Asks: 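One structure follows; several queries about it will come next.
This chain uses plain numbering: 1 for the first residue, then up along the sequence. Remember, predicted model here, so these are calculated numbers, not experimental data.
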Amino acid sequence: FVARQINVLFAIAIVTIELLIAAGALWRRRRLEYISANYYGKMKMFLQVTGVTLLLLDKVTDITSFIPIAIGALSLSILLGIISFFTYGV
């Protein structure tokens, strides 16, 4: 029910980035490379958890001012996810 509070394309972008990062990790694993989250990936995850938590808090408390903050956090997480994907291992 949280995905209804944001644009469907926005949610698809988040899921797609997660799948790309997971596919990249599997590819590196097959090449027997060391797999660990970089700084951008850790910040991305923190912002995703923060964004989803704020969306859930909006549902529970009806404080709609949480929604713009959640969208901001999720937007930054998309940007950091893209950066993480391209800078992994650097």
Asks: For residues 41-55, pull every pair meeting salt bridge (charged side-chain N to carboxylate O under 4.0 Å, His left out), keeping only residues two or more places apart or in separate chains.
Replies: Glu18-Lys44
Asks: Please report the interatomic distance CD(Gln48) to CG(Leu80), rounded to the nearest 0.5 Å.
Replies: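 If I round to the nearest 0.5 Å, the distance is 9.5 Å.
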Asks: A quick test of your reading: do over 12 heavy atoms of other residues, nucleotides or ligands sit less than 6.0 Å from CZ of Phe10?
Replies: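 Above 12, so yes.
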Asks: Counting only heavy atoms from other residues, nucleotides and ligands, does the tally under 6.0 Å from CZ of Phe66 exceed 12?
Replies: yes
Asks: Just by modelled atom types, is the Leu74 backbone N or O under 3.5 Å from a matching donor or acceptor in the Ser77 side chain?
Replies: yes
Asks: Identify the residue among Ile21, Val15, Leu19 that makes a side-chain contact (heavy atoms from CB on, under 4.5 Å) with Ile17.
Replies: Ile21
Asks: So does Leu57 get a backbone contact from the side chain of Thr61, meaning a donor-acceptor N/O pair under 3.5 Å?
Replies: yes
Asks: Quick one: does NZ or CZ of Arg31 land under 6.0 Å from the six-membered ring centre of Trp27, within 45 degrees of the ring axis?
Replies: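 Arg31 over Trp27 ring: yes.
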Asks: When rounded to the nearest 0.5 angstrom, what distance separates CG in Leu76 from CD1 in Ile71?
Replies: 12.5 Å
Asks: Is it possible for you to say whether Tyr39 and Ile83 belong to one hydrophobic cluster, with membership spreading through side-chain heavy-atom contacts below 4.5 Å?
Replies: yes
Asks: Are Leu47 and Val49 co-members of a hydrophobic cluster defined by side-chain heavy atoms under 4.5 Å apart?
Replies: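 Different clusters.
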Asks: Measure the spacing between OG of Ser65 and CG of Leu54 and express it to the nearest 0.5 Å.
Replies: 9.0 Å
Asks: Sort and list the pairs that fulfil salt bridge (charged side-chain N to carboxylate O under 4.0 Å, His left out) and have at least one residue in residues 64-77, not counting sequence neighbours.
Replies: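 Applying salt bridge (charged side-chain N to carboxylate O under 4.0 Å, His left out) to every pair that reaches into residues 64-77, excluding sequence neighbours, yields nothing.
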Asks: Is Leu56 reachable from Met45 through a run of I, L, V, M, F, W or Y residues, each pair having side-chain heavy atoms under 4.5 Å apart?
Replies: no
Asks: Identify the two heavy atoms, one from Ala70 and one from Gly51, that lie closest to each other, and give their separation to 0.1 Å.
Replies: CB-O, 3.4 Å
Asks: Could you list the residues that satisfy side-chain contact (heavy atoms from CB on, under 4.5 Å) with Arg30, not counting sequence neighbours?
Replies: none
Asks: Please check if Leu79 and Ile14 belong to a single hydrophobic cluster, counting links between Ile, Leu, Val, Met, Phe, Trp and Tyr side chain heavy atoms closer than 4.5 Å.
Replies: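 No, Leu79 and Ile14 fall in different hydrophobic clusters.
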